[in-house]
Undergrad: 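Got a structure for you, written out below as structure tokens; questions coming shortly.
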Protein chains: 2
Amino acid sequence: MTETDAPRRRSDATRAAILAAARERFAADGYERATVRAIAQDAGIDPSMVMRYYGSKEGLFAAVIDVELVLPGLAEIPVDDVGTVLVGHFLDLWEHDSVLQTLLRVGVTNEAGAERMRGVFSGQILPLAERFVVTRADAARRAALVASQVLGMALVRYVLRFGPAAQMSRADLVAWVGPTVQRYLTAPEP
Amino acid sequence: MTETDAPRRRSDATRAAILAAARERFAADGYERATVRAIAQDAGIDPSMVMRYYGSKEGLFAAVIDVELVLPGLAEIPVDDVGTVLVGHFLDLWEHDSVLQTLLRVGVTNEAGAERMRGVFSGQILPLAERFVVTRADAARRAALVASQVLGMALVRYVLRFGPAAQMSRADLVAWVGPTVQRYLTAPEP
DNA sequence: GGTGTTTGCCAACGCTTGTTGACCAACGTA
DNA sequence: TACGTTGGTCAACAAGCGTTGGCAAACACC
């Protein structure tokens, strides 16, 4: 998804600085409040450079969310631990990579962000659910339930910052939420 | 919270039209993209009227989110049904009142919206949780978990509009999510 | 019926936004 | 050393934003 072996240019450092600043601003402020001027200032360059290298603000945003986002393979872990392991992986992803934070902040008001979020859902959670049930419709429902709990957890903990949710230890969170995800994936339909 | 017996003015209809238009716009577009001009056009009046009656865009937003938001009393229902009943109430609230949609859309990027959201949490879900456990810290954790699941459900269903989540029937949703909430409220600590 | 207040529109302000093009310095190559 | 290419700044643009003040019509009251 991301470019790998392009010819090295002298401006690569600038490009990277812009991208890094954009990541932080979009993740912290959402699409509208993250201005091109602010991003450029963070990157220590002129706003016009953003346009030169990314075409437009929308193009810059597209570059920010155009990253591989993969949950570690859950194939080899015991079936009974899928819930807790998945929750742990999601917490890691959330805390060490700003792209999910960006997608959530932006996806709530911006259609491109929402579309990308749906893409992550279809590409990561849906295939996971399909390994546990037979019908495609059932898998879709279960994946949606998993997404609701996992995104809801991130929402109250990292975005809305509800006190209790932000203060819960990682272990507590896994112990509480893991079984929910486990049930959504493996329990018989109610 | 809302004014009740003020002297009736001739402009009450206009005030109401502005408020109604603002509710829809804020709920649909979030704070930044809901412009005063667009709201005024929806209400069929001049943008300057918004300033006259609500002081500023921020004042208008404050008026929009300044509404009583109460979950129906859950005191008289059987303890074992708390989860399913609560989820049902939340779905009703979400579909018949735009204020929660507004708060979620805005709260993700706007601190005033987030603060109001935390207020709803503290005023509605926290007291509920305190009826089921003894220590205040435990209640806070459980309330946060309930909020994460319930808001996450709303997020994927009404805001991000994940296909499977949006298409699930109300009955299915209650049957799947109800037990999760029930467990968060009444299960012993893991 | 005259007078003061309310309701509404209009035009404009000052500011910020994304975006553009002119221009200069540094570099690579012959 | 000369020259085309690349990297970068600067100043400005048009558009949109929230916001303001003035003015005309409609109303309320004596």
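Order of the sequence lines sets the chain letters (A, B, ...), proteins ahead of strands, with each chain counted from 1. Remember, it's a predicted structure, so these values are computed and weren't measured experimentally.
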Undergrad: What's the CE-P distance between B/Met49 and D/dA25, to the nearest Å?
TA: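 After rounding, the gap between these two atoms is 16 Å.
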Undergrad: Report yes or no: does A/Ser98 contribute a side-chain atom to a donor-acceptor pair with the main-chain N or O of A/Gln101 at less than 3.5 Å?
TA: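 Answer holds: no.
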Undergrad: Using the side-chain hydrogen bond (donor to acceptor under 3.5 Å, both in side chains) rule, collect all pairs that involve residues 82-96 of chain B, keeping only residues at least two apart or in two chains.
TA: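 The answer is B/Asp92-B/Arg170, B/Glu95-B/Tyr158.
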Undergrad: Please give, in whole Å, the distance from D/dT19 P to B/Tyr54 OH?
TA: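 Going from B/Tyr54 (OH) to D/dT19 (P), I get 15 Å.
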Undergrad: So does A/Glu32 pair up with A/Arg105, basic N to acidic O under 4.0 Å?
TA: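 So A/Glu32 does not pair with A/Arg105 through a salt bridge.
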Undergrad: When the distance from CD of B/Gln41 to P of D/dC17 is rounded to whole Å, what number comes out?
TA: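 Checked: the CD to P distance equals 11 Å.
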Undergrad: What string of B, S and - do you get for nucleotides 17-28 of chain C 5' to 3' if you count protein non-hydrogen atoms under 4.0 Å?
TA: BBBBB-----S-
Undergrad: Looking at B/Arg161 and A/Glu115, is any side-chain nitrogen of the basic one under 4.0 Å from a carboxylate oxygen of the acidic one?
TA: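 Salt bridge flag = no for B/Arg161 with A/Glu115.
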Undergrad: With heavy atoms under 4.0 Å as the rule, sort A/Tyr53 into base, sugar-phosphate or nothing.
TA: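 Here A/Tyr53 touches the backbone only, sparing every base.
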Undergrad: Any chance you could measure A/Thr14, atom OG1, to A/Leu19, atom CG, to the nearest 0.5 Å?
TA: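 The distance works out to 12.0 Å.
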Undergrad: Can you list, pair by pair, the side-chain donor-acceptor contacts under 3.5 Å of residues 183-190 of chain B, counting residues two or more places apart and other chains?
TA:
| from | atom 1 | to | atom 2 | distance (Å) |
| --- | --- | --- | --- | --- |
| B/Arg183 | NH2 | A/Trp176 | O | 3.0 |
| B/Arg183 | NH2 | A/Thr180 | OG1 | 2.5 |
| B/Tyr184 | OH | A/Gln149 | OE1 | 2.8 |
| B/Tyr184 | OH | A/Thr180 | OG1 | 2.7 |
| B/Thr186 | OG1 | B/Gln182 | O | 2.7 |
| B/Glu189 | OE1 | B/Arg141 | NH2 | 3.3 |

